[in-house]
Amino acid sequence: MSDDVLKYRYDAKMANKIEDKWQKYWDETHAFNTPNPSDEDFDKNLQPYVIMDMFPYPSGAGLHVGHPLGYIATDVLARYMRMNSYNVLHALGFDAFGLPAEQYAIQTGEHPEKTTKHNIENMRAQLKMLGLAHDPNRTFATIDSEYVRWTQWIFGKIYNSYFDGDELNPSGMSGSARPISELVDKLKASGKWNELGSDKARSEYLNNYRLAYISESEVNWCPGLGTVLANEEVTAEGKSERGNFPVFKKKFRQWSMRITSYADRLTADLDLLDWPDKIKHMQMNWIGKSTGAFIDFEVMVTDSNSQNLRVFTTRPDTIRGASFMVVAPEHPICAFPAKMQQKNVLEYINTARNKSSIERQQDAGKKTGVFLGLYAKNPITGEKLPIYVADYVLMNYGTGAIMAVPADDERDQEFANTYKIEFKQDYKKFETIESAIENLVQMGSGEKTTTYRLRDWLFSRQRYWGEPFPIIYDEEGIDYLLPDDLLPVLLPDVPDYSPKVYDIDDEDSIPEAPLSRTESWTSIELDLGDGKGMRKFRRETNTMPNWAGSCWYYLRYLDVNHVDNGKNASVVDPLLEKYWLGPEHNRTVSNTGGVDLYVGGVEHAVLHLLYARFWHKVLYDLGFVSSVEPFKKLFNQGYIQAYAYTNNFGQYVPANEVEEIKKDDEIIYEYNGELVNKEYGKMGKSLKNVITPEDVVKEYGADTFRIYEMSMGPLDLSRPWETRAVIGAMRFLSRLWRLVVNENTGGLVDDTKEVDVETLKVLNKTIEFVRTEMENIRPNTAIAKLIGLVNHLTGVLTNTNAVPRNVLKPLILMTAPFAPHICEELWQKLGETNSLLHADYPSVDKKYLVDDTIKIGVQVNGKVRATLEIATNASIDEFKNAALALPQIINVLGDKKVKKAIVVPGKIVNFVV
RNA sequence: GCGCAUGUGGUGAAAUUGGUAUACACGCCAGAUUUAGGUUCUGGUGCCGCGAGGCGUGGAGGUUCAAGUCCUCUCAUGCGCACCA
């Protein structure tokens with residue numbers, strides 16, 4: 001019966017059986033546990049290697065086949081590195097705070113912690129099926145109370161630090177975070193501390209320096225989400241990145257982090273990183289460093305009252321060409337328009353304010369503005385320059401005011417033309433920017449400066465599902481950091497954790513933190529040990545943004561159970577940080593230290609990746625970590641896309657029920673006999689085209705799934721999922737299986753055959769090639785080459801009924817990182833008693849890399865006319881003469897004379913006639 | 001508008017320094033072996049042409065003995081930034 005024939009075949013059933021077996025085995029033998037230097041099984045001869053993914057957010061929707069792409073890639077590389085004698089740290093945690101969990105919880109009425117934990121378990125199970133070799137002991141979620149403790153602890157360190165611009169940082173550049181106590185000491189020494197007098201005044205003074213500080217400033221308020229947002233979370237259209245709700249600029253009292261202090265170092269140190277240029281550019285543009293000068297213009301706002309109007313320019317050398325001034329509608333000088341202009345100015349400012357950012361964008365290019373009726377004095381020429389208010393000048397860049405040089409600036413010229421402002425076409429420029437600045441400095445009318453596009457990072461949210469701040473306020477409103485022994489501050493159980501959301505356009509609404517509703521939690525009585533005894537305090541009721549947890553999770557992997565809360569507490573044992581991330585390993589481009597390979601999507605280019613670098617640098621300055629940067633090498637994987645189909649009404653129909661029909665040379669798609677439209681894009685529930693890893697594992701096995709995802713195309717490119725092509729990966733594995741197992745009997749194939757030279761050549765070329773591709777993160781071509789070797793051996797098997805064992809073993813070892821389960825099984829069948837996880841990766845025997853003869857093309861006038869097989873070491877003349885003797889060449893050349901013969905030994909012969 | 005990336009068979013895609021374009025896989029075709037069923041093996045498969053031969057890496061030029069690869073221009077798609085002074 002056919003069933004008997006298939007009994008020992010590598011099919012989905014067999015694959016699943018093998019996969020269960022080995023996953024259990026790995027579990028039971030703690031195969032993926034990675035020893036720290038202090039552990040018993042630590043081997044100091046192995047080099048450390050840290051490879052990780054951007055950890056997942058455990059969404060309720062579950063995974064589709066696109067999600068694990070990066071996880072499989074890092075897993076393949078981690079397994080490869082283990083077989084190359086590295087102590088590989090490869091773990092996966094969960095980024096579990098955040099809006100979606102909260103929103104899902106609000107919809108279902110369940111506590112976000114419950115749904116989040118449930119989602120994490122689901123995701124763990126989904127990922128487990130794929131045989132990912134994560135260290136099970138190093139996992140955690142950012143919501144774990146011990147993790148929250150350290151997130152709050154780091155916040156405390158940032159809060160209690162200031163940026164000293166003169167101080168050299170440990171990498172020798174100027175500017176470094178220092179404990180705020182050092183600033184206090186300086187203030188005391190200078191007498192300033194006494195001068196400030198009250199605690200309140202002192203606290204407010206320090207607030208101006210703290211790296212985490214409170215300010216009443218313009219923030220992005222999103223009524224639809226009921227929270228304020230960081231600049232990085234607002235789209236170019238002025239909408240919230242999440243939910244696409246309108247965002248308004250409003251002044252609120254909020255927490256920020258002084259990331260702008262680090263703008264220079266965050267820009268400069270990009271040079272040290274092995275990151276895709278694209279991401280480096282995005283960060284550079286986001287930080288937007290530009291050097292130039294401030295120039296002060298005197299403005300008489302009344303006959304007796306003069307104001308200083310400060311502008312920023314990158315071209316101080318063009319100051320003699322300044323023909324007028326322009327200020328932003330929000331600029332303070334707009335409060336002093338000349339009498340006759342007051343009405344116009346007010347009207348204009350109101351219109352400008354009411355413009356949404358979308359309108360502003362649509363109007364970009366159409367310059368509008370109004371004359372203030374005031375004049376500024378050009379400090380160099382003494383000319384009187386009219387001042388305009390116009391919304392093409394932005395308040396949040398530079399100083400919100402510019403000197404307009406229409407002759408040299410398109411925008412200024414456009415404005416001048418619109419308002420018929422006369423300007424100089426020709427004027428005398430300063431020789432250099434430097435000389436212009438020097439001149440201005442001497443006159444006391446300017447200084448050299450650098451401005452940034454980057455703003456400080458808005459750090460508080462009016463949300464329930466986030467880390468509480470370890471901050472309390474006394475009755476005077478003075479803020480204090482909670483002592484370490486009162487950490488973690490955990491979220492209270494509340495009856496209502498939903499944020500107060502408003503109509504999406506309700507600009508005048510105000511944020512309300514959900515935590516503020518629970519009086520029993522917000523009020524706290526304690527003795528801070530400052531000599532004031534037991535006092536009443538109120539807790540900070542805002543929560544941290546979900547970026548907080550992802551800013552340091554890579555450190556937690558190194559020391560996952562770290563609880564040290566003593567006097568010299570650090571977030572991670574310094575010895576472990578030094579071992580895993582320390583700069584002395586110098587394994588790639590530079591000795592910054594940091595994670596050896598970080599794999600994730602491009603979407604975090606200016607969010608997570610910027611924030612994490614900032615935190616890391618603060619921790620570095622304060623001496624808590626030895627690595628300068630958190631992520632030494634970054635790799636952006638592409639996305640797995642999918643086809644979706646819509647009917648005539650634009651509704652999505654189930655993609656797996658759509659039929660492909662060939663009709664008159666054209667391919668059409670039908671669903672229930674109805675013509676449908678094919679679209680290419682994301683995979684998603686609403687698009688009805690989701691394929692889950694479970695589906696694929698059940699039907700083909702996890703190893704096939706892994707091979708397929710790794711072989712679809714280059715890892716950094718996006719590509720469409722095609723279920724019907726998965727079978728190819730399975731055929732590869734079943735051919736590999738058949739090289740070892742007789743599928744009729746279940747017994748071993750004869751593997752005692754003596755290996756022939758031809759096969760050894762194929763093997764060694766494969767080893768050489770595959771190693772190179774692995775090092776360069778090109779799994780797709782590595783697999784192609786492995787398939788080539790399997791196909792070659794299949795030919796050998798067909799012809800001789802036997803396969804040489806000493807070729808099978810390296811083949812299995814090379815395939816193991818991709819398809820670990822089947823390879824463990826085959827390895828065992830070949831009589832090996834140890835798991836191959838730490839077996840030595842095959843190395844090349846160079847003598848089999850060279851062939852005696854090679855085949856090259858022979859061209860006439862650059863066109864290939866024949867193929868020549870010749871001894872590899874033939875001389876130039878031999879190449880030429882052999883090529884000339886080829887019948888095809890004789891034929892093509894006819895009686896034409898060869899003017900020139902180009903011979904590149906081993907490459908090509910070309911005859912020019 | 002500026003910047004970056006990509007463009008190769010019916011499909012996903014290969015191709016050290018410029019050196020036989022299309023490795024590997026899907027699909028398709030044929031033969032063998034099996035046979036009631038997503039079997040395996042072997043071979044074929046860029047396009048046009050009966051053939052010799054011609055044409056082929058988005059398009060147009062250029063450099064070169066030789067261009068998918070280098071240069072110039074251009075088109076398309078995707079991403080990022082966008083009045084940044």
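Order of the sequence lines sets the chain letters (A, B, ...), proteins ahead of strands, with each chain counted from 1.
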Quiz item: A:K367 side-chain donor-acceptor pair to B:C83 base, under 3.5 Å:
yes
5′-ward residue of the pair A:A866/A:I787 relative to RNA chain B
A:A866
Quantified in whole Å, what is the C1' atom distance between nucleotide B:U77 and nucleotide B:C28?
29 Å
Once you apply a heavy-atom cut-off of 4.0 Å, does A:V904 come out as touching a base, just sugar-phosphate, or nothing?
base
For B:U39, take OP1 and OP2 only and decide whether either is under 4.0 Å from a side-chain N or O of A:R731.
no
Looking only at heavy atoms, which two atoms of A:I287 and A:T267 are closest? And how far apart?
CG2-OG1, 3.4 Å
Mind telling me whether B:G56 is syn or anti, cutoff 90° either side of 0?
anti
Where do N or O atoms of nucleotides 10-13 of chain B meet protein N or O atoms at under 3.5 Å, pair by pair?
from, atom 1, to, atom 2, distance (Å)
B:U11, O2', A:E722, OE2, 3.2
B:G12, O2', A:M712, O, 2.8

Using a heavy-atom cut-off of under 4.0 Å over every strand shown, decide if A:N910 touches base, sugar-phosphate, or nothing.
base
Fill in the dot-bracket string of RNA chain B, one character per base: . for unpaired, | for a pair to another strand, ( ) or [ ] for pairs within the strand, taking Watson-Crick or G-U pairs under 3.5 Å.
(((((((..(((......[....)))((((((.......))))))(((....)))..(((((..]....))))))))))))....
Would you classify A:G795 as touching base, sugar-phosphate or nothing, given that sugar-phosphate means primed atoms plus P, OP1 and OP2, and contacts are heavy atoms under 4.0 Å?
sugar-phosphate
Donor-acceptor pair under 3.5 Å: do we get one between A:Y700's side chain and the base of B:G38?
yes
Distance below 4.0 Å between A:N791 side-chain N/O and B:A23 OP1 or OP2
no
Per side-chain contact (heavy atoms from CB on, under 4.5 Å), A:T368 is matched among A:V389, A:D391, A:T351 by A:D391
Check for me whether the distance between the ring centres of A:Y388 and A:F415 falls short of 6.0 Å.
yes
Using atom C1' in both nucleotides, what's the gap between B:U16 and B:G12 to the nearest angstrom?
24 Å
Distance-only side-chain donor-acceptor flag, A:Y645 / A:N689, under 3.5 Å
no
Using a cut-off of 4.0 Å on non-hydrogen atoms, how would the nucleic acid contact of A:T772 be classed: base, sugar-phosphate, or nothing?
nothing
OP1 or OP2 of B:C55 versus the side-chain N and O atoms of A:K863: is any pair under 4.0 Å?
yes
Considering only side-chain heavy atoms of A:T798, which listed nucleotide, B:C26, B:C65, B:C41, is closest?
B:C41
Does the side chain of A:Q641 pick up a donor-acceptor pair with the side chain of A:S718 at under 3.5 Å?
no
A:T872-A:D851 side chain donor-acceptor pair, cut-off 3.5 Å:
no
May I ask you to verify if any side-chain N or O of A:R865 is less than 4.0 angstrom from the OP1 or OP2 atom of B:U20?
no
For a quick check of understanding: with a heavy-atom distance under 4.0 Å over all strands, which category does A:E699 fall into, base, sugar-phosphate or nothing?
base
Checking salt bridge (charged side-chain N to carboxylate O under 4.0 Å, His left out) between A:D408 and each of A:K424, A:R320, A:K429, which is the one that passes?
A:K429
With sugar-phosphate meaning primed atoms plus P, OP1 and OP2, does A:D277 contact a base, only sugar-phosphate, or nothing at under 4.0 Å between heavy atoms?
nothing
Between A:N861 and A:T781, whichever has its closest RNA chain B nucleotide further toward 5' is A:T781
